[in-house]
Amino acid sequence: MSTPDDSAPALMVEAVDVHKSFGLVEVLKGITLSLRRGEVVCLLGPSGSGKSTFLRCINHLERMTSGRILVDGQLIGYHERGGGLYEMSGRELAMQRRDIGMVFQRFNLFAHHNVLANIAQAPMLNRGQSRQQALDRANALLKMVDLEGRGEAYPYQLSGGQQQRVAIARALAMDPKLMLFDEPTSALDPELVGEVLSVMRRLAAEGMTMLVVTHELGFARDVADRVVFMDQGVVVEEGPARDVLDHPRQERTQAFLRRMR
Amino acid sequence: MSPQRIVPARNWGQSILAAMLLVVVGLLVYMVGSSRHINWGAIPHYILDETILDGIKLTILFTVLSMVIAIVAGAVLAVMRLSPNFILSGFSSLYIWFFRGTPLLVQIIFWFNIQLFIPSIDIGPLHYETNAIVTAFVAALLALSLNEAAYMAEIMRGGLLAVDIGQHEAAKALGYTPAQAMLRIVFPQALRVIIPPIGNQTISMLKTTSLVSVVAAQDLLTRTQNIYAKNFLIIELLIVASIWYLVMTTVASGIQYIIEQHMAKSTHEKSTVWRAALRIMRAEGSGR
Ligand SMILES: Nc1ncnc2c1ncn2[C@@H]1O[C@H](COP(=O)(O)OP(=O)(O)O)[C@@H](O)[C@H]1O
Ligand SMILES: [Mg+2]
């Protein structure tokens with residue numbers, strides 16, 4: 001779907017030597033990672049290895065300690081002036097985040113809004129869409145995530161799988177260039193995982209650039225162009241999905257994959 | 001064949017206690033009712049007395065104004081308290097600590113006597129006698145509002161913290177500005193937690209306003225005292241005042257009940273936030 005023209009940078013995400021510490025504990029120890037336009041990358045790794053933290057640095061939900069992250073050629077979170085990085089204001093950060101969709105493990109649908117309002121509010125507020133435009137788009141997106149006609153429901157009335165599909169639709173309503181998924185199926189009952197993954201497959205097929213933290217190896221193998229394996233704050237191994245998953249070279253990757261089966 | 005009769009066990013201890021209670025309460029009522037020292041006729045005579053009714057108006061005015069000011073100031077204090085800026089949060093903590101840690105009665109007397117150390121207010125060429133500005137009414141209102149603001153700040157902080165952090169993060173990730181996230185996502189959800197204790201505080205405030213009678217702020221109790229200072233029908237007039245306080249708190253409780261029913265019926269009654277609201281509402285005392 002995306003049509004790279006000459007002026008647009010080839011890389012959608014370019015993270016260089018990203019460090020992040022919580023207090024004295026260094027959680028990310030220099031992550032360097034790029035995503036090409038339209039690429040789907042799955043980020044694997046044991047719990048606590050820093051996957052979520054890295055993902056949250058990409059839309060500056062987390063303030064990195066050092067390094068730099070560019071999305072579509074734009075430095076995220078900072079203005080560069082005279083060799084220094086100056087953090088952006090809340091409003092400027094908000095503007096950058098509008099181009100980066102994020103899907104959370106716990107869905108985080110707005111509990112006081114029904115499904116349509118969850119999806120339509122942000123584009124009405126910040127994309128200049130009229131009420132009618134935003135609602136039409138929301139209904140179209142609901143159809144795309146197989147939830148046609150559920151617009152009036154409140155989040156608590158939906159199953160986890162349905163909530164997560166609404167959350168995907170909500171993120172897509174802002175027309176993001178990039179989608180970040182943080183273990184989107186980990187909070188779901190096993191029988192509901194498939195419906196969410198199938199929506200994500202569809203999205204990948206349409207050419208969306210996606211960075212997906214997941215433990216679903218089948219999804220990674222089928223959908224990901226590349227797999228990145230992280231452990232203890234560093235990238236241990238990365239490469240084409242089948243290479244890494246079927247012939248892991250690093251000890252830690254092998255051990256992790258053995259445990260996953 | 002007729003079914004066998006089933007006789008539930010009788011709890012004799014409770015029955016005896018209940019009987020004793022009836023006797024004691026009955027005796028008390030008889031003692032008060034038959035007392036020759038109480039002029040019962042004075043009560044209906046004063047219940048609609050114009051002075052009393054004016055006092056009621058002022059008591060309600062004090063309650064409404066001080067609650068409105070306290071809610072606005074409390075919201076500001078709560079947001080400050082949660083701010084990462086330590087001067088803002090420190091100021092808010094100090095404010096809450098001070099106003100909750102000193103008696104309201106002392107605060108009322110303090111504001112009433114403020115001219116003792118600020119005799120006049122000069123703004124450029126303008127000169128005001130503090131006495132002329134800080135009347136008993138203003139002193140009473142200041143004390144009630146500033147004190148209540150400290151309690152409101154804590155209630156609102158609790159409400160804001162009760163909203164799942166994920167709600168705020170989702171709003172941020174979607175590109176809501178900080179103000180949009182607060183006003184459209186976090187605050188509306190915090191309201192469900194905040195409204196029940198605000199109701200409790202308002203009911204409590206109806207009674208608390210009686211403290212301003214120490215500076216003769218012309219509320220219901222001040223007027224009551226003014227009348228019995230002349231005719232010495234002390235008990236009778238206190239009964240009149242009590243009847244009116246009961247009427248006001250009962251009406252306010254009724255309004256609170258209706259609001260809470262309405263909130264419970266609204267579509268998202270089962271949301272976690274609403275469950276948290278119910279929990280806090282049940283646990284929350286008046287706080288004073
Ligand atoms: N806000 C935080 N404060 C302190 N430590 C944190 C915070 N968030 C994450 N961590 C720590 O950082 C490490 C990496 O966490 P995370 O990025 O969530 O890992 P993953 O998503 O790979 O499971 C963990 O040890 C976690 O305890
Ligand atoms: Mg995680």
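Proteins get letters first, then strands, A, B, ... in listed order; numbering begins at 1 in each.
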By a 4.5 Å heavy-atom criterion (distance strictly below it), what part of [X] contacts chain B: side chain, backbone, both, or neither?
{"X": "A:Arg56", "value": "side chain"}
{"X": "A:Arg91", "value": "both"}
{"X": "A:Gln121", "value": "both"}
{"X": "A:Phe104", "value": "side chain"}
{"X": "A:Leu109", "value": "backbone"}

### Task
Determine whether B:Gln201 and B:Met205 make a side-chain contact, defined as any pair of heavy atoms from C-beta on separated by less than 4.5 Å.
no
### Flag side-chain contact, heavy atom, 4.5 Å: A:Lys20 against A:Glu26
no
### Lys/Arg cation over aromatic B:Tyr151: B:Arg100, 6.0 Å, 45° cone
yes
### Query
If you tally heavy-atom pairs under 4.5 Å against chain B, which of A:Arg170, A:Arg106, A:Met102, A:Met95 wins?
A:Arg170
### Task
Could you tell me which of B:His168, B:Gln167, B:Glu169 has the largest number of non-hydrogen atom pairs under 4.5 Å with chain A?
B:Gln167
#### Entry: Between B:Ala170, B:Ala179, B:Ala171, the one whose heavy-atom pairs under 4.5 Å with chain A are most numerous
B:Ala170
### Message
So does A:Asn59 get a backbone contact from the side chain of A:Arg97, meaning a donor-acceptor N/O pair under 3.5 Å?
### Response
yes
### Message
Using 30° and 60° as the class boundaries, would you call the ring planes of B:Phe91 and B:Tyr95 parallel, tilted or perpendicular?
### Response
tilted
### Task
For the pair B:Phe110 and B:Phe117, name the ring-plane relationship: parallel under 30°, tilted 30 to 60°, perpendicular over 60°.
tilted
### Segment of B:Gln180 engaging chain A (4.5 angstrom heavy-atom cut-off)
side chain
### Task
Name the region of B:Ala181, side chain, backbone, both or neither, that has any atom closer than 4.5 Å to a heavy atom of chain A.
neither
### Message
Testing A:Val212, A:Leu211, A:Leu61 one by one against A:Leu55 for a side-chain contact (heavy atoms from CB on, under 4.5 Å), which residue passes?
### Response
A:Leu211
